[in-house]
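Notes follow the structure.
Position 1 is the first residue of the sequence, and the numbers go up from there. Quick note: numbers below take in every heavy atom, side chains included, and nothing from hydrogens, waters or symmetry partners.
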Amino acid sequence: MRYELRKEEDFSVSKWMGGKTRELAIFPPGSNYIDRDFIWRLSSATVELEESDFSRLPDYDRVLMVMEGSAVLTYDGKKSIRLKELEQDSFDGGARTRSYGKITDFNVMVRKGGDGILDVVRPDSDAKVLGDTLHTERKCTTHALYVKEGYVVVNYNGSMMMAKEGQLLVMEFFNEIPVYAVMGEGVVIRAQMGYDYEIPEGQDAADAAKDQSQGQDAADAAKDQPESQDAADAAKDQSQAPDSEEAPEASSEETAAKAVTPPLIEKKEEPEGPPDKGSFLENFKWAFFISNTQFRGAKHIVKKLKSIWYDDKLDRVIRTLEKYFVTFLVFIIGVVLCLMPYARGTLSDSQTIGMIALWLLLDILLVSPLIYYFALPKPIASHVRDLNRMTEEEIALMARRSVQDERLEKLLAKYKNTGKANKLDDHI
């Protein structure tokens, strides 16, 4: 498996008569939308007019998902469908497709004979295994995860990959079973493309695509930019490109796909001298925050929890305190002590209720935070990570903590009668 993380600066942007189009990824590398020489293409377009016509692509099948807004699509004037946010439809690229409504969409184009589908993934803090739902018979499969909101961390065979909002993670599988674990939060649009592509023995996808495209690129360059052609002629030729949904205003520089491998993690040197454990006030603030957010559903109430992550050392101490109900037992002991005077008849009902209420307030504001303060590693803030600034090592720890082996076992059981179980096991 090879992967590439594509960011905003990697997307090419072009105009069409109804808005703008961002080309997110195209295969093979070096192919061009205008020349219709690609096998598959991912793009996101804005439709800024109430009525607009899509490009006709008779050699391709298309899938369109609405990311923002809603629209009605009609095909050849014989069929119509209404799409709301995160709803999709597949259709023949050669159909006369007309759109009614202003939207931002996500597009998949696959050359006829191949396969392409879209689905929506909502990752959670606990890792879940995703398998191939395309069920294609093609030799090659590509999965692309576009993060619409939040972030996603992918674990494939021990390799950790992370994509943030607005980024696209492309994973190419050649004669492999696409199985990986995802975790995170937000909304991720997943595209799955199946296609036939000959990979020379001993070469990977990027090398093969680069070799295949070099000769064609040279020929195209000689054809499109002869020595006698000046700048005015070149501009004139570009202006003759079809004015359609995906037609670019000017040709963009073609670059080969980058082969990305997980970077090596450098070991950080420990600073000399005694470690700085931070001030009491700063540590107590974090202890107070952590002790009062250890309840089910806290992430849905406390927004800050959605943007931070506790490292392995801090999380281990928190889990130990919660596992043995340390703060809860201390609270119960306090309640029992409050009830003892009432049992002896020295306090009235109202006085006892008042004491329990006072103890509850004291427990929330001081006692439980102090228990966490003395138990947690210091400085506590150094063990709290911003999700937008995580290192590769922290991503790996986060994935290992969340991946659940029982889910993989269920997946293996699913494939045990297909003859693929051993191969699948090698990838996990």
(message) Ring centres under 6.0 Å, that's the criterion: do Y197 and F174 meet it?
(response) no
(message) If you count heavy atoms of other groups shown closer than 6.0 angstrom to CZ of F280, is the number above 12?
(response) yes
(request) Could you tell me the separation between the CG atom of L42 and the CZ atom of R22, rounded to the nearest 0.5 Å? (result) 11.5 Å
(message) Using the salt bridge (Lys or Arg N to Asp or Glu O under 4.0 Å) criterion, which residues pair with D196? Sequence neighbours excluded.
(response) R138
(request) Scan V110, T142, D115 and name whichever one has a side-chain contact (heavy atoms from CB on, under 4.5 Å) with Y195. (result) T142
(message) Testing E165, E185, E85 one by one against K148 for a salt bridge (charged side-chain N to carboxylate O under 4.0 Å, His left out), which residue passes?
(response) E85
(message) How long is the straight-line distance from NE2 of H143 back to CG of D132, given to the nearest 0.5 Å?
(response) 4.5 Å
(message) Main chain of I34, side chain of N32: is a donor-acceptor contact present, judged purely on distance under 3.5 Å?
(response) yes
(message) So does G94 get a backbone contact from the side chain of R56, meaning a donor-acceptor N/O pair under 3.5 Å?
(response) yes
(message) Once rounded to the nearest 0.5 Å, what's the spacing between atom CZ of R296 and atom NE2 of H300?
(response) 10.0 Å
(message) Keeping S368 on the side-chain end and I364 on the backbone end, is there a donor-acceptor pair under 3.5 Å?
(response) no
(request) Taking T46 for its side chain and K20 for its backbone only, find out whether a donor-acceptor pair lies under 3.5 Å. (result) yes
(request) May I ask you to say whether D124 pairs ionically with K128, meaning some side-chain N is under 4.0 Å from a carboxylate O? (result) no
(message) Ring centres under 6.0 Å, that's the criterion: do Y33 and Y60 meet it?
(response) no
(message) Working to the nearest 0.5 angstrom, can you tell me the gap between K15 NZ and T21 OG1?
(response) 12.0 Å
(message) Are there over 12 heavy-atom neighbours, none belonging to E137, within less than 6.0 Å of that residue's CD?
(response) no
(request) Verify, without hydrogens or angle tests, whether D76 (side chain) and R96 (backbone) share a donor-acceptor contact under 3.5 angstrom. (result) yes
(request) Assign the ring pair F54 / F91 to parallel, tilted or perpendicular, where the plane angle (0 to 90°) is split at 30° and 60°. (result) tilted
(request) Mind checking salt bridge (Lys or Arg N to Asp or Glu O under 4.0 Å) for D92 and listing every partner two or more places apart, or none if nothing turns up? (result) K112
(request) Please confirm whether the backbone N or O of E282 pairs with a side-chain atom of S279, one donor and one acceptor, at under 3.5 Å? (result) yes
(request) Indicate, with yes or no, if the rings of Y310 and H383 have centres closer together than 6.0 Å. (result) no
(message) Suppose we screen for side chain to side chain donor-acceptor pair (under 3.5 Å). Which residues come up paired with E68, at least two apart in sequence or across chains?
(response) none
(message) Could you check whether atom OH of Y324 has more than 12 heavy atoms from other residues, nucleotides or ligands sitting under 6.0 Å from it?
(response) no
(message) Restricting to non-hydrogen atoms, name the atom on L73 and the atom on L83 that form the minimum distance, rounded to 0.1 Å.
(response) CD1-CD1, 3.9 Å
(request) Could you tell me whether the side chain of R6 and the main chain of L24 form a donor-acceptor pair under 3.5 Å? (result) yes
(request) Give a yes or no on whether the ring-centroid distance for F27 and F38 is below 6.0 angstrom. (result) no
(request) Please report the C-alpha distance between E87 and R82 in whole Å, then the side-chain angles of each, then the deciding distance to 0.1 Å, and finally whether the salt bridge (Lys or Arg N to Asp or Glu O under 4.0 Å) criterion is met. (result) CA-CA 9 Å; E87 293 182 343; R82 180 180 180 85; over 6 Å; no
(request) Could you tell me whether the side chain of Y372 reaches within less than 4.5 Å of the side chain of F289, counting heavy atoms only? (result) no
